[in-house]
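We count residues from 1, following the sequence as given. Quick note: numbers below take in every heavy atom, side chains included, and nothing from hydrogens, waters or symmetry partners.
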Amino acid sequence: AKALELYRKCLLRMESPPPEVRLGIALCLHQLGAAEPAEQAYQRVLQLSPKNVEALTGWAILEMNKTPQNLPKALELLKRAYDVDDGCPPVLNLLASHFFFRSEYAKVEALARRAYHNTEVAAMRSDSCLILGRMYHAQADYESAFQHYFQATKLNPDSLQAQFGLGQMHIHRGDVGAATGCFDKVLTKEPENYEALKIMGSIFSKSSDANRRAKALAFLKKATAAMPDDIEALLELAELQQQMDPKEALAVYAGVISQWKETIEAPLPSEILNNYGVLKQRHGEAAEGRELLHQALKQIEEEMAAEALPEAEKDGLKGLSITVRYNIARLTENDNRDAEAQEMYQALINEFPSYIDSYLRMGAIAQRRGHHSDASHWYKEVLNVDADNATAWSLLATQQMMRNELKPAKKTMERILARHNGDAYALVALGNIYHREAKLETKKDAVEHSYSRALHHYYTSLNLNLHNAYAANGI
């Protein structure tokens with residue numbers, strides 16, 4: 001704004017100002033977002049100096065920012081600029097960008113590399129590297145794309161497009177921490193950047209950290225509010241809310257299903273039917289939940305029966321089929337039809353011996369019926385599949401505590417902590433064992449020792465999670 005004021009003073013005070021003064025006014029107006037006055041100023045420069053490359057380039061950029069119908073005019077202006085100076089870096093970069101969108105990659109590379117070598121300006125070189133990074137990205141040459149995006153950010157750390165591209169490459173390389181840093185930089189400058197919000201939401205939603213998952217929820221809510229028709233983002237939001245806010249997840253799934261039916265001809269994916277069915281059941285709508293789960297299973301079976309189905313896709317459908325069948329069994333169990341549920345779990349065990357959840361449910365049913373020996377049998381079966389399964393060890397310890405076998409229960413819980421340091425359930429359970437042990441001791445030293453160990457485990461659990469009510473209750 002200050003520069004614009006000075007240029008205007010020059011224009012008023014000089015009898016015959018050179019075209020460069022008007023060019024300065026045009027560039028200032030362009031930077032200030034005053035597109036129409038900037039265009040008029042560029043045109044006036046060209047009336048005085050028809051071969052002014054900067055004016056031709058500036059006007060071309062304004063035309064590009066209008067509508068696709070203005071692209072021919074922009075290209076005409078760039079051609080005029082190129083004919084005057086075929087080595088001008090801004091012109092070369094703009095032409096390279098144009099050919100990128102036409103997938104003419106040989107031209108992209110030649111123009112962008114010439115632009116890079118024809119300038120010493122870091123920001124201009126950064127633009128050339130960004131264009132080359134995008135070109136390699138589009139060709140799935142991710143290593144070259146990474147190198148060029150990285151170089152672009154080194155030359156110009158404020159290039160948000162380069163930071164975004166580099167973030168994508170970090171994700172491809174499995175470096176989520178570095179990717180987060182890149183997208184953070186984008187959101188710091190552009191808090192409403194939809195794509196960055198969506199990606200950050202997706203990254204954080206996969207974290208086991210409660211704070212990160214809360215951030216994921218905020219990112220995805222903001223992204224879906226900005227783009228309510230993005231079914232992919234809505235599904236990520238719904239899946240996250242399944243654990244955090246099931247009632248809200250139910251509403252999001254209902255919206256997704258409504259949009260899907262209105263805009264997409266293909267049937268609803270089985271994953272959506274499964275998730276929605278589970279939520280319906282949890283919300284007390286068991287009949288509708290069962291219907292959705294059976295619909296999902298039927299759809300999966302039909303897809304698996306298709307000829308020439310790729311092996312990877314078949315494996316994916318098989319895994320989903322197990323999940324849906326398990327959810328149907330859980331719903332049956334919740335209806336107090338234990339015998340039917342047991343048949344379903346047993347069928348899953350017979351077909352998929354490594355599917356642990358079925359063993360755990362068989363154990364839970366036996367335990368609920370007071371068949372503790374049978375329950376222990378099923379928990380031990382889990383350990384035959386996964387010797388370090390913390391859930392099975394915890395349930396075995398619970399069985400031992402119910403039989404008042406405190407020493408074996410203590411050893412079991414200590415075993416869990418040795419392999420799963422910081423396991424909240426095991427810490428509280430071990431505290432409870434020492435607490436019960438203290439009440440059974442008769443010697444003062446032994447009582448004090450047991451209470452001390454109980455407090456140690458309660459406090460350790462509470463330090464890991466200040467909201468752990470079970471640990472606080474134990475203290």
Side-chain angles (χ1 to χ4, degrees), residues 205-208 213 239-240 242-243 246 270-271 274-275 277-279 281-282 289-290 293 296-297 300-301 304 312 314-403 408-409 411-430:
S205 70
K206 294 170 178 64
S207 172
S208 58
R213 290 173 73 78
E239 286 170 14
L240 181 61
Q242 273 183 259
Q243 294 108 37
S270 304
E271 294 95 325
N274 173 69
N275 294 347
V278 169
L279 284 168
Q281 181 267 323
R282 288 179 186 169
R290 185 181 293 104
L293 290 171
L297 188 58
I300 293 165
E301 288 169 350
M304 289 182 72
K314 191 179 289 185
D315 289 342
L317 286 169
K318 188 183 291 183
L320 183 58
S321 170
I322 296 169
T323 301
V324 175
R325 286 172 61 186
Y326 173 80
N327 287 334
I328 291 171
R330 287 286 282 127
L331 195 151
T332 305
E333 184 186 344
N334 289 344
D335 283 347
N336 296 317
R337 292 183 286 148
D338 287 349
E340 288 180 56
Q342 283 175 308
E343 285 181 17
M344 295 177 186
Y345 293 134
Q346 188 64 64
L348 283 168
I349 289 168
N350 293 341
E351 291 179 56
F352 310 103
S354 62
Y355 190 65
I356 284 169
D357 288 350
S358 295
Y359 296 101
L360 292 173
R361 292 318 308 164
M362 290 288 272
I365 292 171
Q367 185 171 317
R368 190 168 62 244
R369 290 178 159 188
H371 302 160
H372 300 299
S373 177
D374 289 346
S376 294
H377 161 76
W378 287 113
Y379 300 146
K380 287 173 183 175
E381 284 292 313
V382 172
L383 300 174
N384 289 333
V385 178
D386 176 10
D388 289 326
N389 188 280
T391 303
W393 281 112
S394 298
L395 291 166
L396 271 175
T398 302
Q399 289 285 306
Q400 289 163 339
M401 287 174 70
M402 288 171 72
R403 295 193 296 267
K411 284 184 180 178
T412 302
M413 286 302 176
E414 286 170 347
R415 188 185 193 286
I416 293 170
L417 288 173
R419 287 164 174 74
H420 304 275
N421 188 30
D423 186 287
Y425 177 85
L427 283 165
V428 174
L430 202 48

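- Of all the heavy atoms in G289 and L331, the pair that sits closest is C-CD1, 4.1 Å.
- Taking every heavy atom of both residues into account, A366 and A375 meet most closely at CB-N, 3.7 Å.
- In this structure, A397 and T412 approach most closely via the heavy-atom pair CB-CG2, 3.8 Å.
- Just one of I416, L430, T398 meets the side-chain contact (heavy atoms from CB on, under 4.5 Å) condition when paired with Y425; it is T398.
- The backbone N or O of S207 lies less than 3.5 Å from a partner atom in the side chain of R213, making a donor-acceptor pair.
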W393 vs D423, side chain to side chain contact (heavy atoms under 4.5 Å, CB included): CA-CA, chis, key distance, verdict: CA-CA 12 Å; W393 281 112; D423 186 287; over 6 Å; no

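- Shortest non-hydrogen contact noted between R325 and A347 is NH2-CB, 4.0 Å.
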Using residues 315-322 as the side-chain source, report each donor-acceptor pair under 3.5 Å to any protein atom, sequence neighbours left out, with the distance given to one decimal.
none

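- Around CG of N421, the count of heavy atoms belonging to other residues, nucleotides or ligands within 6.0 Å does not exceed 12.
- Here the CG atom belonging to L427 is positioned 12.5 Å from the NE2 atom belonging to H420, to the nearest 0.5 angstrom.
- For the residue pair N274 and N327, the shortest heavy atom distance occurs at OD1-ND2, 2.8 Å.
- The CZ atom of R415 sits 10.0 Å away from the CG atom of L396 when rounded to the nearest 0.5 Å.
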Check: residues 379-388 side-chain donor-acceptor pairs under 3.5 Å, at least two apart:
from	atom 1	to	atom 2	distance (Å)
Y379	OH	G363	O	3.4
Y379	OH	Q367	OE1	2.9
D386	OD1	D388	N	3.2
D388	OD1	R419	NE	2.8

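- Rounded to the nearest 0.5 angstrom, D335 CG and Q281 CD are separated by 7.5 Å.
- Considering all non-hydrogen atoms of both residues, A341 and T332 come closest at N-CG2, 3.9 Å.
- Between R368 and D338, at least one side-chain N (NZ, or NE/NH1/NH2) sits under 4.0 Å from a carboxylate O, which counts as a salt bridge.
- The line from CD of Q399 to CE of M402 is 5.5 Å long, rounded to the nearest 0.5 Å.
- Remark: the E239 side chain and the S205 side chain contain no N/O donor-acceptor pair separated by less than 3.5 Å.
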Determine all donor-acceptor pairs shorter than 3.5 Å in which one atom belongs to a side chain in residues 353-362; sequence neighbours excluded.
from	atom 1	to	atom 2	distance (Å)
Y359	OH	P353	O	2.7
R361	NE	E333	OE1	3.2
R361	NH2	E333	OE2	2.6

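- To the nearest 0.5 Å, the span separating OG on S373 from CZ on R403 amounts to 8.0 Å.
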